[in-house]
Number of protein chains: 2
Amino acid sequence: MAEDARGRLIDAAGRAFAERGFEGASVRDICSDAGVNVAAINYHFGDKQSLYVACLEQAQCSESRQTLRAADPSLPPEARLHGFIRGMLAAQGDPDRPRWHNSLMLREMAHPTAAAAAVLQRYIRPLADTLREILEQLSPGVSEMPHDGWPVGFSVVSQVLFYAVHRPVVRLLMGEAEHDALDVDFLADHITRFSLAALSRGPNIVGLSAAPSAGTRKTVPR
Amino acid sequence: MAEDARGRLIDAAGRAFAERGFEGASVRDICSDAGVNVAAINYHFGDKQSLYVACLEQAQCSESRQTLRAADPSLPPEARLHGFIRGMLAAQGDPDRPRWHNSLMLREMAHPTAAAAAVLQRYIRPLADTLREILEQLSPGVSEMPHDGWPVGFSVVSQVLFYAVHRPVVRLLMGEAEHDALDVDFLADHITRFSLAALSRGPNIVGLSAAPSAGTRKTVPR
DNA sequence: GATTGTTTCAAACAGACGTTTGAATTGTCA
DNA sequence: TGACAATTCAAACGTCTGTTTGAAACAATC
């Protein structure tokens with residue numbers, strides 16, 4: 001809490017926007033949370049909309065770098081895919097990074113604001129390019145498939161995004177206890193195996209995961 | 001437009017809530033769209049919140065039935081899976097059904113309202129049960145996998161939900177023209193093949209889809 | 001036609017909203 | 001210490017919010 005007013009405002013606003021949306025979060029609540037006067041928004045950012053954009057930019061900075069770093073180009077493609085998937089999953093629950101960074105980005109991805117389409121481009125495009133590169137490395141020819149192979153990439157990332165967007169549904173269906181047992185490592189392994197099997201680069205899902213899974217990573221080198 | 005005021009209000013409100021969220025949609029805009037007086041909300045529903053619940057219930061009625069019908073139990077499991085996936089995809093763009101039904105449900109799934117958790121349960125649960133039944137039929141033993149096989153089911157539905165939730169991102173990445181070429185039949189085939197291959201119930205994705213795909217459905221009987 | 005009950009209407013309500021103001025406070029450098 | 005800029009503050013701005021009111025319009029029954 002030793003930050004300056006500007007930093008505290010971005011943090012409080014980011015949490016509020018991620019949780020209740022742009023319209024649902026009031027400037028009075030945000031300022032009260034940040035421990036500053038309502039006029040501080042006008043002084044530091046101009047208006048509420050600009051504060052929102054500032055939050056979006058902050059969220060963008062910390063996000064994609066982490067995922068891209070996890071997909072180390074020097075590794076074999078199977079391990080790169082696993083790193084990519086694990087990186088995206090880990091970003092969701094990274095304690096080093098405010099949780100609202102991801103939620104806010106997801107909100108923006110589902111219902112883009114006019115002012116933030118550019119931010120989205122810079123945020124998404126590098127991730128998409130990296131994944132496509134990994135997939136092409138993994139299964140040469142995937143880029144020549146219908147629609148330039150986009151659907152294959154979407155089939156991979158969709159599995160990751162699902163746990164970020166539809167977490168409430170997962171909790172509802174599995175039950176509180178069982179849901180909490182789903183950790184990043186398990187999900188990363190599952191999604192990687194599912195995707196590799198679909199690309200015929202590993203044994204099928206059922207046969208593999210029926211074996212004891214904890215700690216053993218035979219098909220997914222790290 | 002021959003509906004009564006109550007029906008027109010639900011329709012206008014549903015569109016507004018789906019597009020701009022609960023807080024973002026004002027009762028004045030809704031009433032103006034519906035061509036009724038502002039007091040009509042209070043008269044027919046009590047308040048804005050109750051109008052929202054009425055929209056949610058209306059959206060629920062038309063949705064899951066359609067998908068469940070498409071997964072005809074008398075068919076072989078591969079065809080049932082294809083029907084299930086196609087049914088969910090078709091519901092997204094069904095012209096017989098207001099588009100907001102799906103959007104509103106997705107909003108609720110990502111950020112559930114306290115008042116509507118029950119509606120969500122009734123809406124999701126039958127779909128989940130049916131998919132798990134199909135998967136078990138397809139690959140006996142999937143229910144005994146870690147976490148009762150939920151992650152496998154999630155890997156399938158996530159691919160479908162992706163195109164509903166992240167349509168703006170798809171458009172952004174693929175470009176307007178290429179995006180518009182993605183029709184329901186193609187996506188249903190792709191997602192079914194990807195999932196069947198992951199379960200080792202079909203050829204792998206790349207090998208199959210490199211062949212001419214339009215109209216030929218060898219691995220996915222209907 | 002009078003008498004019901006139902007539905008619509010213009011107008012107003014109190015409160016919350018985002019934003020602005022001008023004075024008060026703090027920090028910085030001469 | 002004095003002067004100047006940067007920052008914070010309580011208070012108020014006008015507008016929009018969801019909701020309510022009581023009268024008017026309508027429909028149906030006798």
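Note on naming: letters A, B, ... go to the chains in the order of the sequence lines (proteins, then strands), and numbering restarts at 1 for each one.
Across the protein-nucleic acid pair, B:Y43 atom OH and C:dG5 atom P stand 12 Å apart, rounded to whole Å. Between B:R6 atom CZ and C:dT6 atom P there is a gap of 15 Å when expressed in whole angstrom units. Atom CZ in B:R28 sits roughly 16 Å away from atom P in C:dC17 (whole-Å rounding). Per the geometry, CG belonging to A:D29 stands 13 Å off C1' belonging to C:dG18, to the nearest Å.
Geometrically, B:R107 does not engage B:W100 in a cation-pi contact defined by less than 6.0 Å to the ring centre and at most 45° from the axis.
With B:T130 contributing its side chain and B:P126 its backbone, the two residues share a donor-acceptor pair below 3.5 Å.
For B:F22 against B:K48, the heavy-atom pair with the smallest separation is O-NZ, 2.8 Å.
Taking 4.0 angstrom as the limit, B:H44 places none of its side-chain polar atoms (N or O) nearer than this to OP1 or OP2 of C:dT6. For the pair A:N42 and C:dT20, the criterion of a side-chain N or O lying under 4.0 Å from OP1 or OP2 is met.
In this structure, B:F154 has its ring center at least 6.0 angstrom away from the ring center of A:H190.
One side chain, B:D47 or B:S50, offers a donor N or O that lies under 3.5 Å from an acceptor on the other. Side-chain contact annotation: B:S158 with A:Q159, donor-acceptor N/O pair under 3.5 Å absent.
Think of the region where chain B sits on DNA chain D: with heavy atoms and a 4.0 Å cut, that region ends 5' and 3' at D:dT17 to D:dT21.
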